[in-house]
Amino acid sequence: MTEDRPPRPPFTRDTALAKVRAAEDAWNSRDPQRVALAYTPDSVWRNRDTFLTGRAGIVAFLTAKWAREHEYALRKNLWAFDGDRIAVRFQYEWHDDEGQWWRSHGNELWEFDAHGLMRRREASIDDVRIDAADRRILGPRQDDEPELPVR
């Protein structure tokens with residue numbers, strides 16, 4: 001049985017935006033199993049300096065990530081799209097075991113199969129220490145929330 005995860009390519013602006021919002025919602029669930037279902041069974045990832053393949057690897061990676069990144073909250077913004085590819089920029093905030101808050105900035109390149117499953121994800125991410133008072137991602141996205149500034 002072929003899995004289907006609409007919207008499917010080729011993407012329009014509206015369908016690319018829907019795909020980005022669906023990804024943001026899934027990642028904010030902090031449920032590795034839920035997130036992994038958006039990827040092909042043999043999906044290939046580069047996340048910073050980590051390379052992995054397949055849903056089991058994705059689940060293991062995200063389980064470890066969210067065990068150390070507490071109160072993780074993410075925003076993704078569409079950067080570009082063409083055919084079966086989408087580029088996003090994102091920010092997320094989290095704190096470590098010692099209570100230090102971080103804002104992580106990054107870019108992702110996504111490639112999808114014909115069924116709308118992501119077959120490739122490449123992420124470049126930088127972390128910046130922030131004070132708790134400087135947080136700006138405080139929970140789920142509000143419908144009228146503007147895009148986050150780059151800095």
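All residue numbers refer to positions in the sequence shown, counting from 1.
Between the CD atom in E71 and the NE2 atom in H95 there is a gap of 3.5 Å [rounded to 0.5 Å]. Distance check: T15 OG1 to I86 CD1 gives 7.0 Å after rounding to the nearest 0.5 Å. Taken from OG in S104 to CD1 in I125, the straight-line distance is 7.0 Å, to the nearest 0.5 Å. Once rounded to the nearest 0.5 Å, the distance linking CG of L74 with CH2 of W94 reads 14.0 Å.
Side-chain atoms of R48 never come within 3.5 Å of backbone atoms of T50 as a donor-acceptor pair (strictly under, hydrogens ignored). No donor-acceptor pair closer than 3.5 Å links the side chain of Q33 to the backbone N or O of V59. At least one donor-acceptor pair under 3.5 Å links the side chain of Q142 to the backbone N or O of P140. Between the N107 side chain and the S124 main chain, no donor and acceptor come within less than 3.5 Å of each other. A donor-acceptor contact shorter than 3.5 Å links the side chain of D96 to the backbone of E98. Although no hydrogens or angles enter the test, the distance criterion places no donor-acceptor pair under 3.5 Å between the side chain of Q91 and the main chain of H105.
Applying the salt bridge (Lys or Arg N to Asp or Glu O under 4.0 Å) rule to R68 yields no partners; only residues at least two apart in sequence or on another chain are considered. Remark: R30 engages no residue in a salt bridge (Lys or Arg N to Asp or Glu O under 4.0 Å) (not counting sequence neighbours).
Clustering of Ile, Leu, Val, Met, Phe, Trp and Tyr by side-chain heavy atoms under 4.5 Å joins I130 with W101.
A salt bridge does not link D84 with R8: every distance from a Lys NZ or Arg NE/NH1/NH2 to an Asp or Glu carboxylate oxygen is 4.0 Å or more.
For residues 72-82, every residue pair satisfying the salt bridge (Lys or Arg N to Asp or Glu O under 4.0 Å) rule, not counting sequence neighbours, is listed here: R75-E145, K76-E108. Applying the side-chain hydrogen bond (donor to acceptor under 3.5 Å, both in side chains) test to every pair with at least one member in residues 51-64, sequence neighbours left out, gives these pairs: E3-R55. Residue pairs meeting the salt bridge (Lys or Arg N to Asp or Glu O under 4.0 Å) criterion with at least one partner in residues 9-24, sequence neighbours excluded, are E24-R141.
At a threshold of 4.5 Å between non-hydrogen side-chain atoms, the residues F81 and V20 do not count as touching. Side chains of N77 and V88 form no contact here, defined as non-hydrogen atoms less than 4.5 Å apart. No side-chain heavy atom of W102 sits under 4.5 Å from any side-chain heavy atom of E93.
Of all non-hydrogen atoms in R103 and D134, the two that sit nearest each other are NH2-O, 2.7 Å. The minimum heavy-atom distance between P9 and A114, with the atom names listed, is CD-O, 4.3 Å. The nearest pair of heavy atoms linking M118 to S43 is O-OG, 3.2 Å. Closest of all the heavy-atom pairs between A87 and L109 is CB-CD2, 3.9 Å.
For R46, the CZ atom counts as densely surrounded, since its 6.0 Å shell holds more than 12 non-hydrogen atoms of other residues, nucleotides or ligands.
If you chain together hydrophobic residues whose side chains sit under 4.5 Å apart, W79 and F90 never meet in one group. Follow the hydrophobic side-chain contacts under 4.5 Å out from V35 and you reach Y72 in the same cluster. A continuous path of Ile, Leu, Val, Met, Phe, Trp and Tyr side chains, each step under 4.5 Å between heavy atoms, connects Y92 with I58, placing both in one hydrophobic cluster.
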Applying ring pair (Phe, Tyr, Trp, His ring centres under 6.0 Å), run through W66 and W27 and close with a yes or a no. CA-CA 10 Å; W66 290 322; W27 280 68; 5.7 Å; yes
side-chain contact (heavy atoms from CB on, under 4.5 Å) between H115 and R5, worked out: CA-CA 6 Å; H115 302 283; R5 182 64 65 137; over 6 Å; no
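The aromatic rings of F11 and F112 sit perpendicular to each other, their planes meeting at more than 60°, with 30° as the lower class boundary. The aromatic rings of W45 and F61 stand perpendicular to each other, their planes meeting at an angle above 60°, with 30° marking the opposite boundary.
Counted by atom type alone, T40 and D113 present zero donor-acceptor pairs between their side chains at under 3.5 Å. In this structure, a donor-acceptor pair under 3.5 Å is present between the side chains of H70 and D97.
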